[in-house]
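Let me begin by presenting the structure, written as structure tokens, before commenting on it.
This is a predicted model, so every value here is computed, not measured. Throughout, protein chains are lettered first and strands after them, A, B, ... in sequence-line order, and every chain is numbered starting at 1.
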Protein chains: 2
Amino acid sequence: MTEPAAARRPRADAARNRERILEVANEAFREGGLEVSVAEIARRAGVGSGTLFRNFPTKTDLIHAIVEMHMNQWLDVIEKSLAAEEVGPAFEAFFERAVLFNYLDRGMLEAVKGGMLNDDADLNACKCEALASTAKLIERAQAAGVLRQDLNADDIYALAAGVAESAHAAVREGLADPKDAHMRYMGVMLAGLRPVG
Amino acid sequence: MTEPAAARRPRADAARNRERILEVANEAFREGGLEVSVAEIARRAGVGSGTLFRNFPTKTDLIHAIVEMHMNQWLDVIEKSLAAEEVGPAFEAFFERAVLFNYLDRGMLEAVKGGMLNDDADLNACKCEALASTAKLIERAQAAGVLRQDLNADDIYALAAGVAESAHAAVREGLADPKDAHMRYMGVMLAGLRPVG
DNA sequence: CCATAACCGGAGCGTTCACTCCGTTTGTTG
DNA sequence: CAACAAACGGAGTGAACGCTCCGGTTATGG
């Protein structure tokens with residue numbers, strides 16, 4: 001009986017390289033979108049492309065790893081929002097963070113728009129968990145009378161992505177400072193989200 | 001004294017090919033975005049790539065021609081909206097068309113997001129004319145008390161693009177039928193656009 | 001300190017893209 | 001209808017991309 005999946009700890013330099021690649025790729029995708037080349041990432045990380053592909057056999061694998069990282073961070077955000085006391089401000093703060101999440105990271109935005117969360121089993125699990133938790137948050141807000149009844153968790157994310165896109169447009173046209181452009185249309189959208197009547 | 005820019009009328013088949021290329025490219029970019037290859041467009045138009053490049057020396061030139069076409073159509077829409085009688089419904093109908101305009105054409109959306117309207121003098125002129133006319137429409141709506149005061153023409157287009165993006169997200173998640181997805185968040189946005197108080 | 005396996009870098013491969021070049025075909029004109 | 005310029009099409013070019021391969025290097029356990 002050999003040990004089939006012993007998976008001994010990797011060499012120290014290898015582990016360091018893997019972390020550095022993830023770090024650099026995250027930054028590169030955030031600023032330049034997913035079309036940043038693998039060679040460029042390897043160069044910035046100070047490794048050869050061979051090393052990169054040993055850790056992530058395809059570019060898609062690398063992207064998936066980073067997206068999963070972000071999804072886990074996002075799950076934390078949702079949990080913290082669920083723990084908040086006042087329902088109304090909690091929902092508004094949550095929505096702001098959702099817009100910011102979509103606004104700050106070009107790569108993540110492109111990954112979600114490309115349907116990447118449905119391609120991978122792990123990512124899909126994250127997505128489902130996020131949607132379930134978000135649904136709770138939304139139901140509370142609706143029960144408290146601070147959110148329209150005709151919207152579900154998917155709608156909220158779709159709208160957040162839209163506001164982020166509007167913010168990008170505002171930056172492009174010189175209407176807003178990139179630092180706080182995500183807030184430019186927050187007032188409009190929050191007004192639209194309140195119950196009618 | 002020779003005639004330096006006589007520009008004699010092109011051959012009949014050449015004119016036909018040029019029109020067919022524009023037609024096919026328009027459809028291809030609308031459905032597939034700007035990354036559709038030039039070879040693919042030539043194939044669908046039933047011409048060689050040489051013929052395509054003789055009419056449009058670069059891919060960018062072809063895109064510019066199509067974008068200009070759409071901008072002229074859009075200028076007509078604005079003029080018609082300005083001619084309408086009732087200010088409130090006119091503005092809402094205009095905003096719906098703006099969302100639809102961004103929703104229906106992937107290529108156009110990408111071109112605008114890529115800042116293409118600023119790269120070319122003709123396109124920039126169209127853009128400026130559109131913004132000026134739209135500003136009139138907006139000022140009337142604001143004067144009639146049906147639109148927030150803190151938004152200008154650029155803002156309205158940024159918001160319309162955002163709603164279109166949200167609609168695409170809704171289609172992706174299976175929330176809406178592609179045929180009328182652009183209407184899914186219209187109620188939310190129009191509520192947000194009304195003056196506060 | 002040495003043997004060895006794990007790890008490294010980057011040259012090279014196959015593909016795709018925008019774009020060019022040129023021998024052939026075709027519409028036009030007198 | 002003939003002769004010519006205009007237009008055609010598609011093979012070919014160079015650059016960029018994701019990815020593979022392998023001879024050299026280095027961390028690590030005994």
Measure from [atom1] on [X] to [atom2] on [N] and round the result to the nearest Å.
{"X": "F53(B)", "N": "dA7(D)", "atom1": "CZ", "atom2": "P", "answer": "18 Å"}
{"X": "R54(A)", "N": "dT25(D)", "atom1": "CZ", "atom2": "C1'", "answer": "12 Å"}
{"X": "E40(A)", "N": "dG18(D)", "atom1": "CD", "atom2": "P", "answer": "11 Å"}

List the residues meeting side chain to side chain contact (heavy atoms under 4.5 Å, CB included) with [X], not counting sequence neighbours, and say none if there are none.
{"X": "A25(A)", "value": "F29(A), I41(A), L62(A), I66(A)"}
{"X": "D150(B)", "value": "R148(B)"}
{"X": "R43(B)", "value": "E40(B)"}
{"X": "K113(B)", "value": "K113(A), E165(A), R172(A), E165(B)"}

Base-contact (B) and sugar-phosphate-only (S) positions in nucleotides 11-17 of chain D, heavy-atom cut-off under 4.0 Å, - elsewhere: B-----S
Starting from [X] and following side-chain heavy-atom contacts under 4.5 Å between hydrophobic residues (I, L, V, M, F, W, Y), which residues can be reached?
{"X": "V146(B)", "answer": "none"}
{"X": "L100(A)", "answer": "Y103(A), L104(A), V171(A)"}
{"X": "M69(B)", "answer": "none"}

Nucleotide interval of DNA chain C bounded by contacts with chain A (heavy-atom cut-off, under 4.0 Å): dA6(C) to dA11(C)
Phosphate-side-chain proximity, N17(B) and dC8(D), N/O vs OP1/OP2 below 4.0 Å: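 So the side chain of N17(B) is within the cut-off, an N or O lying under 4.0 Å from OP1 or OP2 of dC8(D).
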Pairing residues for R30(A) by the salt bridge (charged side-chain N to carboxylate O under 4.0 Å, His left out) criterion, not counting sequence neighbours: none
Shortest non-hydrogen contact between A158(B) and A169(A), atoms and distance: CB-CB, 3.8 Å
Enumerate the protein-to-nucleotides 26-30 of chain D contacts in which both atoms are nitrogen or oxygen and the separation is below 3.5 Å.
| residue | atom | partner | partner atom | Å |
| --- | --- | --- | --- | --- |
| dT26(D) | O2 | R11(A) | NH1 | 3.2 |
| dA27(D) | O4' | R11(A) | NE | 3.4 |
| dT28(D) | OP1 | A12(A) | N | 3.2 |

Pairs satisfying side-chain hydrogen bond (donor to acceptor under 3.5 Å, both in side chains), at least one member in residues 92-101 of chain B, at least two apart: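 The answer is E92(B)-R194(B).
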